[in-house]
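As the structure lists them, so they are numbered: ligands from 1, and atoms in each ligand from 1. Because only heavy atoms are used, hydrogens play no part in the values below, and waters and symmetry mates are left out as well, while side chains stay in. One is the number of the first residue; the rest follow in order along the sequence.
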Amino acid sequence: MNMAGKQFKIALGADHAGFVYKTRIGERLRQLGHEVVDFGTYSTEPVDYPLVGFKVGEAVGSGEFERGVLVCGSSLGICMAANKVRGVRAASIVEPYSAKLSRQHNDCNVACFSERLTGWDMVEECLDVWLNTEAEGGRHARRVKEIDDYGVETAESAR
Ligand code: RB5
């Protein structure tokens, strides 16, 4: 068990197609010492992935949670939903190098995984990389801010 990394307050969610991985991810995160709140869904009964993506997105975008982890069948739809919330930088993660870059360059705060397309061992590996990689800042911070600022009306832009 790796207790060396930083500990986060993490919002967790999935639709019915991600329920099994969500359960496993929750167990793993808690074992690693993270504080996890499960935003559902709580069974394999079909639910619409946008609703869960928005809930976890709001939890992270509001600043109440430092990170979010989402799972759906493909990782794609729930990621699109979460990214509608201001302050969320969600990425669909399928292999370790993009997991690393999502943190280093994009300061990704919501990781989205696929239960139907990605094997469990790969999800575990990617999750560990994503949890333990710092954002690099510098020129990347400016670009991340450009994403966060999009659509925000400032006093200057209103003139
Ligand atoms: C549900 O069947 C599926 O569409 C959903 O889990 C996800 O893959 C959507 O992007």
Side-chain angles (χ1 to χ4, degrees), residues 5 7-133 135 140 143-152:
Q7 255 98 79
F8 299 111
K9 191 172 174 191
I10 300 178
L12 179 64
D15 73 351
H16 55 288
F19 171 73
V20 173
Y21 274 14
K22 173 176 71 71
T23 306
R24 291 195 200 173
I25 288 171
E27 286 167 7
R28 177 156 185 82
L29 291 172
R30 289 187 181 100
Q31 269 175 10
L32 292 170
H34 300 283
E35 184 185 339
V36 180
V37 175
D38 186 344
F39 285 79
T41 190
Y42 304 107
S43 74
T44 53
E45 194 65 32
V47 293
D48 292 342
Y49 60 81
L51 306 178
V52 184
F54 298 149
K55 268 194 209 169
V56 168
E58 292 288 350
V60 175
S62 66
E64 197 188 339
F65 288 76
E66 297 160 283
R67 302 275 189 107
V69 177
L70 286 167
V71 191
C72 72
S74 64
S75 80
L76 301 172
I78 209 156
C79 186
M80 291 177 193
N83 269 322
K84 297 296 262 186
V85 180
R86 175 150 302 136
V88 169
R89 294 176 302 278
S92 166
I93 291 178
V94 297
E95 54 80 42
Y97 191 57
S98 55
K100 188 172 177 179
L101 284 175
S102 80
R103 289 289 312 135
Q104 288 180 328
H105 289 198
N106 317 115
D107 197 3
C108 170
N109 53 10
V110 178
C112 305
F113 295 103
S114 162
E115 184 169 318
R116 291 181 177 157
L117 307 175
T118 311
W120 173 248
D121 288 351
M122 179 57 75
V123 167
E124 254 188 349
E125 188 180 341
C126 290
L127 184 64
D128 285 355
V129 169
W130 180 78
L131 288 167
N132 293 312
T133 306
H140 301 299
R143 293 162 183 165
V144 166
K145 187 173 181 310
E146 285 170 5
I147 296 173
D148 288 344
D149 287 351
Y150 181 77
V152 178

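Counting the atoms of ligand 1 from 1 in the order shown, those under 4.0 Å from a heavy atom of G73 are 5 (C), 6 (O), 7 (C), 8 (O).
Within the 4.5 Å cutoff, the side chain of V85 has no heavy atoms near those of the V60 side chain.
In terms of protein heavy-atom proximity, atom 5 (C) of ligand 1 is closest to D15 OD2, 3.2 Å. Of all protein heavy atoms, the one closest to atom 7 (C) of ligand 1 is C72 SG, 3.4 Å. Here the heavy atom of the protein found nearest to atom 3 (C) of ligand 1 is R116 NH1, 3.9 Å. With hydrogens left out, the protein atom closest to atom 4 (O) of ligand 1 is Y49 CE2, 4.3 Å, a heavy atom.
Selection from A17, S74, C112 by nearest heavy atom to atom 8 (O) of ligand 1 gives S74. Taking only non-hydrogen atoms, the option from S92, S75, G77 nearest to atom 10 (O) of ligand 1 is G77.
No more than 12 heavy atoms of other residues, nucleotides or ligands shown are found within 6.0 angstrom of NZ on K84.
The aromatic rings of F39 and F65 stand perpendicular to each other, their planes meeting at an angle above 60°, with 30° marking the opposite boundary.
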*Trace of the side-chain contact (heavy atoms from CB on, under 4.5 Å) decision for V36 with I25*: CA-CA 10 Å; V36 180; I25 288 171; over 6 Å; no
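Paired with S92 under the rule side-chain contact (heavy atoms from CB on, under 4.5 Å), one option of C72, S74, S75 passes, and it is S75. Among S102, C112, S114, the single residue meeting the side-chain contact (heavy atoms from CB on, under 4.5 Å) criterion with I93 is S102.
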